[in-house]
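None of the values given here were measured: they were computed from a predicted structure. Below, chains carry the letters A, B, ... as their sequence lines are ordered, and counting in each starts from 1.
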Amino acid sequence: MQIARKIIFYVFLLVYLFLCPMIILYSFGYIFQPVDQEIEQTGIIYLSTTPSGAYIYLEKKECDYKTPTSIIDLLPGSYDVGIRLLGYRTWKHQVAVCEGRAVVFENILLIPKDLMPEAISSEKDLSTLIELPADNSFIIKEGNEIDDFYIYDITDNKVQPLVQKNILKHNFSVNNIYTLNKNNQVILQGNTLSSKKYYYFNLSSQPQVLTDITQLISVAPNTIMYSASEENTFYAVYQNYVNRFNIKSMSQDERYIDKIKGIGLLDDEFIVLDKDNSISTRSLNNEQKEILFKNKNLGKNLFKNSNFYEISRLDNQLFLFSGDKGDLIVTVAPYQICDKGVLGVEYYKKTERLLYWTKDTIGMVDFEKDDQNSMLFKDEFEINELYKNGKNITQAFWVYNATHALFADSNSVSLLELSPDSNHHVENISEVRNNSRIIYNDQQGYLYYLNDDGDLMKLEIISKDKLVFAPFQKK
Amino acid sequence: MDFNYSSKTKNRKEARLQRFLEILPGALSWLIIIGIICLSIWQPIITALFMIAFLLYWLLRLIYMNIFLVLSYMRLSIEKNVDWMKRIEAIDNLKSKKPVLSNLNKLKGLKNRISQRIHYDELINLKKSNNLPVYSKDLYHLVIIPVIRETYDVVAPGLKAIRDGYYPSNRFLVIIALEEAAGNDVKKDIARIEKEYKNDFLDLLVTTHPTGVPGEARVKGANTTFAARHAAEYFNKKNIPFENVLVSCFDADTIANPHYFSCLTYSFMLNPQRLRSSYQPVPVYHNNIWDAPAFGRIIDIGTSFFQLIEATNPSKLVTFSSHSMSFKALVDVGFWPVEIISDDSAIFWKAFIHYDGHYGAVPIYTTVSMDIATGPSVGKTFTNIYKQKRRWAWGVENFPIVIRAFLKSKKISFYKKASYSYKLLDSFISWSTWSFLLLIGSNLPALFASKRFEASTVYYITPRVTGIIYSLASIGIIICMIISLLLLPKKKSKFSIFAKIQHIFEWLLIPVIIIFLSALPALDAQTRLMFGNYMEFWVAEKFRKK
């Protein structure tokens, strides 16, 4: 038994010493090519689709496996990859495989061949949709009169008048709607027959009460801010100054904050960009708390393009400055994202991605740190221009964990799929009414828009119950 | 070598070395567990590759162990129905006759033929060694049964088994080593046992080990040493040379196989180094196996498997639990350590060191059956098993003492020192860490994967490779299932076949059981030793259903 044991031991030792490096090399993609008698390093293509179970075609030949799967042992080169599933549009891509690397397509959304939008309102000939900061509702505009405005509740699937009938005893034509944070508070700016008016009301109050706050606002502000820690107090933001007013006491503080170049309201404090390009925080009582930035040269260089900046917080120490000329600045190097023309932004916190768009371009900023990057002078973020062929991009939204972007360009809506090789897919989703806006709710996966006839339509972009997570994929 | 086999030493340098060696196993175990977590955050690719290398090593070792498990079981099976008394007779006859290989073809069954062939070869080797034993009629057995809280139901069956076994019971001196601290009901039960079995053996003595003897810890070894000293006096009075006595130190619940003592006697007589050997049977836990919950069954079957595998490597075998040895050797080395909990392995090391490495353990292919540590409820059973395994893992307390002895010894060969040291350390480290590595190691790199790692082939191929390894490893589990079914006693119930089917599925609990009832207790014991939180002896509750 002793001798047998020793023999078996040495055999196993040899097997281990042989197999272990072979398996490790295989893990790095090395395979033995019997034809050429060579060892070559291969790459991988990983494909995961929603819905799963789609057929894969590699170089027009059907593979044995369905999605989600990884295709291994691919020699470096370019491959035509196709994905087909009954009832869905074919997905095609030319993939460049590199040795020892995996090209990962983990969020392919297959688009149904026949998209079936659903009409969800009896109102006809609607003109546009207006977003509300809270995700569970939006405003529908039919005409300019107050009675032509409705509110749609996404959760209950109900359309109701924005302002209950007979609350206003006179005609009121709405010019502007200010929506304030996520508190369902709305300020309407418009005209009666004789004068300009401002009305405040809370969408969730019952019964609905409209408060005339015209005396508090003399000039139409650029935007109105509200802090949840101060009930009834609002801040009207103008070019270079801020007025404060209280709708309970009907009092106003003109130029409450003056001589500024930018402002943002955080939970219970202001972040202010002063005229000298320094940045500080101030309490709601306008007392300076902390100076966050004071570099004359850098400040002058950064904030040179616009006259005024809206400041918002993306993350703990990450702030975004949106200039009135469309330049975008962030507080991490290399600081400037775009120098002009930005029409809007959307930030997805989980994956630290910022989506921005101009009239003709959609771009993405990735703030996620790559700790394995040992390059010198490394940037804290990466900018990618995802789409450059826009004609009149007005809106864009993140979809499906910021792996796709839904955008409105002129009178069509398209879905852009982010590809790892920057060869992004764009699929046309629908045509929409001219000059109308769209609403997208990522929690439910639905797009709301007006068709050519002005009907309110609802279209499923992602089916949440069909989502697939790849092995090891961060959810 | 004259070495004080104790963790306590007055020499400062020795004390520091002792402390360092006490810390070492626990520190290494924690370093491995924490290290793999840190490495997977810092270098996930390297961790993934390390895990592949480890899993492959684990798979090959599993296959390797399975091979010897099967071989060992086959040997056990072959020797199951041997007439050991006849073989003992054959050894007795060696002095006058040459061994005769009976016509193998006339024997029924392949097992018989193999067994007979092995027996013949063994006789030839013994004859060649010129170290023939005394006649079997001159041999005696000393059985020491320590008791502290075990009742009549637990202790009596062990004596009954000795009495009813194949070896003549009048060759036995049985000592029930009672602790003074035992309860009155236990003392009453022992008195009853003494009365019932007094006349069935050469003699049946009951010793009462006093509590609080200076220099002694509250350990089983102190009690059995006290009993053994009494035995020495007894044999001296009767002029029975110690060389002619085999001592078996059992647990209170140990029930020896009817062939145990005849097999033991045969192995003793056959062994040219008979006075410098311990004799290790295969421990099984069949006394209450069907009364215990599934997790208890599986974990203790695993213990039996481990011993079966160890039996195939006698050059590295160390004694465990109930075993036997020459009484002469026991006296020479100064009996069992009186302050060490793991007396079963400690006595081996003590003898090994005393005889400068010329001491070994001989596997004997017969079984002793014990109880699975149970309790009145599933929760209590779980706790009892956990504590028992922790006490077994406390065998790590021998590591620093053995290493200190090795460092001092000039006569034990370097090869023996190195190989035993490595085996000792490796067995404890792998016991406490492997399950955690298997559970978490494969998944950690992906959990902390950076972008770079996610875009590498390693990230995608590793799960495939580990999946294949685990699938192959499941073959090992199937082999274990089969062997366990073969080893299990028949359930005394109408539907024993259902019990066996149920038992097959119980093996699916392995991933959970080995963490909570194997790795965790081992890590617990090593951590306590590391922090100097020395354990006291804990008596496993033996709970028998009426």
Worksheet item: Is there a side-chain contact between Ile52(B) and Tyr26(A), using heavy atoms and a 4.5 Å cut-off?
Response: no
Discussion item. For the CG atom on Leu14(A), are there more than 12 heavy atoms of other groups (residues, nucleotides or ligands in this structure) within a distance under 6.0 Å?
Written reply: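 Result for CG/Leu14(A): enclosed.
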Discussion item. Ignoring hydrogens, what is the shortest heavy-atom contact between Tyr16(A) and Tyr57(B)? Give both atom names and the distance.
Written reply: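 In terms of heavy atoms, the two residues are closest at CE1-N, 3.4 Å.
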Fill in: Structural part of Ile8(A) lying under 4.5 Å from a heavy atom of chain B
both
Item to complete: Write down the atom of Ser456(B), the atom of Ala102(A), and the distance for their closest heavy-atom approach.
Response: O-CB, 3.9 Å
Discussion item. Would you compute the distance between atom CD1 of Ile24(A) and atom OG1 of Thr462(B) and round it to the nearest 0.5 angstrom?
Written reply: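 Reported to 0.5 Å precision, the distance equals 10.0 Å.
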Worksheet entry | Note, Tyr459(B) side chain near Val104(A) side chain (heavy atom, < 4.5 Å) | no
Fill in: Heavy-atom contact with chain A under 4.5 Å, split by part of Arg464(B)
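It is the side chain, since no backbone atom gets that close.
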Practice prompt. For Lys80(B), look at atom NZ and say whether over 12 heavy atoms of other residues, nucleotides or ligands are found less than 6.0 Å away.
Written response: no
Worksheet entry | Tyr422(B), OH: over 12 other non-hydrogen atoms inside 6.0 angstrom | no
Worksheet item: Which answer fits Leu59(B), side chain, backbone, both or neither, if we ask what part of it has an atom under 4.5 Å from a heavy atom of chain A?
Response: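 No part of it gets close to chain A.
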Response to the item:
Comparing Asn313(B), Leu49(B), Leu71(B), Ile63(B) against chain A, the one with the most heavy-atom pairs below 4.5 Å turns out to be Asn313(B)
Practice prompt. Count the heavy atoms belonging to other residues, nucleotides or ligands that lie under 6.0 Å from OH of Tyr55(A), then report whether that count exceeds 12.
Written response: no
Discussion item. Is it the case that over 12 heavy atoms from other parts of the model lie below 6.0 angstrom from the CD atom of Glu59(A)?
Written reply: yes
Practice prompt. With the side chain counted from C-beta on, respond yes when Ile72(A) and Thr457(B) share a heavy-atom pair under 4.5 Å apart, and no when they do not.
Written response: no
Practice prompt. Find the one option among Pro21(A), Cys20(A), Pro420(A) whose heavy-atom pairs under 4.5 Å with chain B are most numerous.
Written response: Cys20(A)
Worksheet entry | Distance, nearest 0.5 Å, that separates CG of Leu13(A) from CG of Leu60(B) |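 Between atom CG of Leu13(A) and atom CG of Leu60(B) there are 9.5 Å.
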Discussion item. Apply side chain to side chain contact (heavy atoms under 4.5 Å, CB included) to residues Phe28(A) and Ile45(B) and explain how you reach the verdict.
Written reply: CA-CA 10 Å; Phe28(A) 278 107; Ile45(B) 293 182; 4.1 Å; yes
Practice prompt. Sort Val458(B) into side chain, backbone, both or neither according to what part of it lies under 4.5 angstrom from a heavy atom of chain A.
Written response: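 Both parts, heavy atoms under 4.5 Å.
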Worksheet item: Can you list the steps and then say if Thr312(B) with Arg5(A) is a side chain to side chain donor-acceptor pair (under 3.5 Å)?
Response: CA-CA 8 Å; Thr312(B) 59; Arg5(A) 201 182 173 94; 2.4 Å; yes
